[in-house]
Every structure is written in structure tokens, then in C-alpha cells.
Amino acid sequence: MKTLLFLLLGLVTFISNANTLPDSPQSKSSIPQLTQQKRPDNETIYRVSKQLCWGCMAESLEFLFRHNLVRATKWELPLMWDFQLEQYARWWASQRQADCKLEHSFPENDFKLGENIFWGSGSAWTPSDAVRVWADEEKYYTYATNSCVPGQMCGHYTQIVWKSTRRIGCARVVCDDGDVFMTCNYDPVGNYVGERPY
């Protein structure tokens, strides 16, 4: 029951953030303002619906839901969706669209945000798949020593459940070669050396 409560809190936060987005100069200029007196023409409707990216919203909810499921198992607060982090993740995914390289957006050891990245062969990979792969690293993490099994990775998992992380934004892109690249950014950043994730 508490797991369900955590998930519902995350969903409510996502929806309330979407409804209270501040108007930015960029959004005002790129999305036509509709008035009650003038009916929009077909071209306007097409432009607006293309910018809304309905598939992106479903992917965003899937990323958020799956992350909060993992966090709930450790009694961590649910993450909130952050549209600025999503915009950053979409920018980095677009940079990787041409080559699909499994590359971080920050130089080595210079992370300003937490970041998990995923590459999958073929175009069928979903946000749930990426989060599952990252969360499966839990089997390589030893809480008592706060370390990974030698030769294995567990930093993707620990970032997901990091106690002080509150916001997330992710993106998925099908690369030019038909493979999939996904990235999630987290704020505040996690994985501090010497600190336990929860």
C-alpha cells in the first residue's frame, strides 16, 4: 500500500509540475496563442500538435513511474519530473542520435547533474527496459561496505535510489542506425564517494 502511495505522489507531482510551468519567452514564441474569437486553422493545429510530442509524455511518465518503483523498495521519497532536466536530456539524446555512442554529457569526473545512460541494439527498447537494466545492478552493490563487486558496475542503481535526489528528466531517441539511446539526469547529483545511497 505504501508503494502505491509513493507512486501516486510521483504521478501527482508530475501532473502538477506540468500544469504550473512558467511561461518562457521561447514557449510563447514557438506555440501560437489561441483566442476565443479566432478559430485555429489546420496549419496551426498541426504545428501545435507536432510540438506537444504526445509520445514523449508517455515515455516521461514511464521513466518516472519505473524510477519511483525502485525507490519505493528502499523507502525513498518519489522523484518529481523536472522539465528543465528533460530538456537537457533531450538535447544530449539529440547529440547522440547520429552515432548512438554510449557517452556521458559531462567530461569524466565533472558531473554537475547525476546521469544514467543506456544503449540498446534495435529500436524496441523502452524506458522500462533502461530503468530495469540500471536497477538490476543492485545485485552488484554491497551496502555493508558501500561498494560494488569488483569488475561490476552499480553506480546507475545507486543514483536511482540516492537519498537526496529529488528531480529527474529523461529522454529516449532512436538513432540513425536504428538502435536506441536513453539518458536520465538527476538533481541533486548522487554517488558521492564515501556516502551511502540510502
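Side chains are part of it too, since the values below use all heavy atoms of this structure and drop only hydrogens, waters and symmetry mates. We're numbering straight along the sequence, starting at 1.
D179 places a side-chain N or O within 3.5 Å of a backbone atom of G122 that can act as its donor or acceptor partner. Looking only at distances, no side-chain donor or acceptor of T142 sits under 3.5 Å from a matching main-chain atom of T145.
Separating the NZ atom in K112 from the CG atom in N185 is a distance of 13.5 Å, to the nearest 0.5 Å. From N68, atom CG reaches atom CZ of F63 across 13.5 Å, with rounding to the nearest 0.5 Å. The CG atom of L79 sits 9.5 Å away from atom SG of C184, with the distance rounded to the nearest 0.5 Å. The structure places OG1 of T165 at 11.0 Å from CE of M80, a figure rounded to the nearest 0.5 Å. Separation of atoms CZ (R132) and CG (L69) is listed at 13.0 Å; rounding is to 0.5 Å. In this structure, S128 OG and R66 CZ are separated by 4.0 Å, a value rounded to the nearest 0.5 Å.
Residues F106 and I117 are members of one and the same hydrophobic cluster, defined by side-chain heavy-atom contacts under 4.5 angstrom among Ile, Leu, Val, Met, Phe, Trp and Tyr. Cluster annotation: Y198 and I168 are assigned to the same hydrophobic cluster (Ile/Leu/Val/Met/Phe/Trp/Tyr, side-chain heavy-atom contacts under 4.5 Å, transitive). In the hydrophobic clustering of ILVMFWY residues, with side-chain heavy atoms under 4.5 Å counting as a link, Y140 and V131 come out apart. In this structure, Y192 is not a member of the same hydrophobic cluster as I160, with clusters built from ILVMFWY side-chain heavy atoms closer than 4.5 Å. In this structure, V189 is not a member of the same hydrophobic cluster as W81, with clusters built from ILVMFWY side-chain heavy atoms closer than 4.5 Å.
In summary, the aromatic rings of Y186 and W162 are positioned with their centroids too far apart to meet the 6.0 Å limit.
Residues E86 and R90 are paired through a salt bridge, judged by an N-O separation under 4.0 Å between the basic side chain and the carboxylate.
Between C175 and W119 there is no side-chain heavy-atom pair separated by less than 4.5 Å. In this structure, L102 and H104 have side chains that are not in contact, with every pair of non-hydrogen atoms separated by 4.5 Å or more. When side chains are defined from C-beta on, F181 does not count as touching F118, because their heavy atoms never get closer than 4.5 Å. In this structure, the side chains of R71 and P78 stay at 4.5 Å or more apart for every pair of heavy atoms. By the 4.5 Å heavy-atom criterion applied to side chains, P197 and N146 are counted as neighbours. Counting heavy atoms from C-beta on, the side chains of F83 and L85 never come closer than 4.5 Å.
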Under the side chain to side chain contact (heavy atoms under 4.5 Å, CB included) rule, what do V174 and R172 come out as? Steps first, then yes or no, please. CA-CA 7 Å; V174 177; R172 174 186 180 274; 3.9 Å; yes
Residue pair V180, M182: steps toward the side chain to side chain contact (heavy atoms under 4.5 Å, CB included) verdict: CA-CA 7 Å; V180 168; M182 288 183 259; 3.7 Å; yes
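Nearest heavy atoms, G169 versus A89: O-CB, 3.8 Å. Nearest heavy-atom pair, C148 versus G155, reported as atom, atom and distance to 0.1 Å: SG-N, 4.4 Å. When all heavy atoms of Y88 and S105 are compared, the closest pair comes out as OH-OG, 2.7 Å.
For the 3.5 Å distance criterion, the side chains of Q159 and N116 fail to qualify, holding no donor opposite an acceptor. In summary, the side chains of S147 and Y141 do not present any donor paired with an acceptor at a separation below 3.5 Å, with no hydrogens or angles considered.
For the pair R96 and W92, the cation-pi test (distance below 6.0 Å, angle within 45°) is passed. Both cation-pi conditions hold for R196 and Y143: the charged atom is under 6.0 angstrom from the six-membered ring centre and inside a 45 degree cone around its axis.
Sorted by first and then second residue, the salt bridge (Lys or Arg N to Asp or Glu O under 4.0 Å) pairs with a member in residues 133-143 read K74-E138; sequence neighbours excluded.
Looking at residues two or more places apart in sequence or on another chain, you find a side-chain contact (heavy atoms from CB on, under 4.5 Å) between Q84 and D82.
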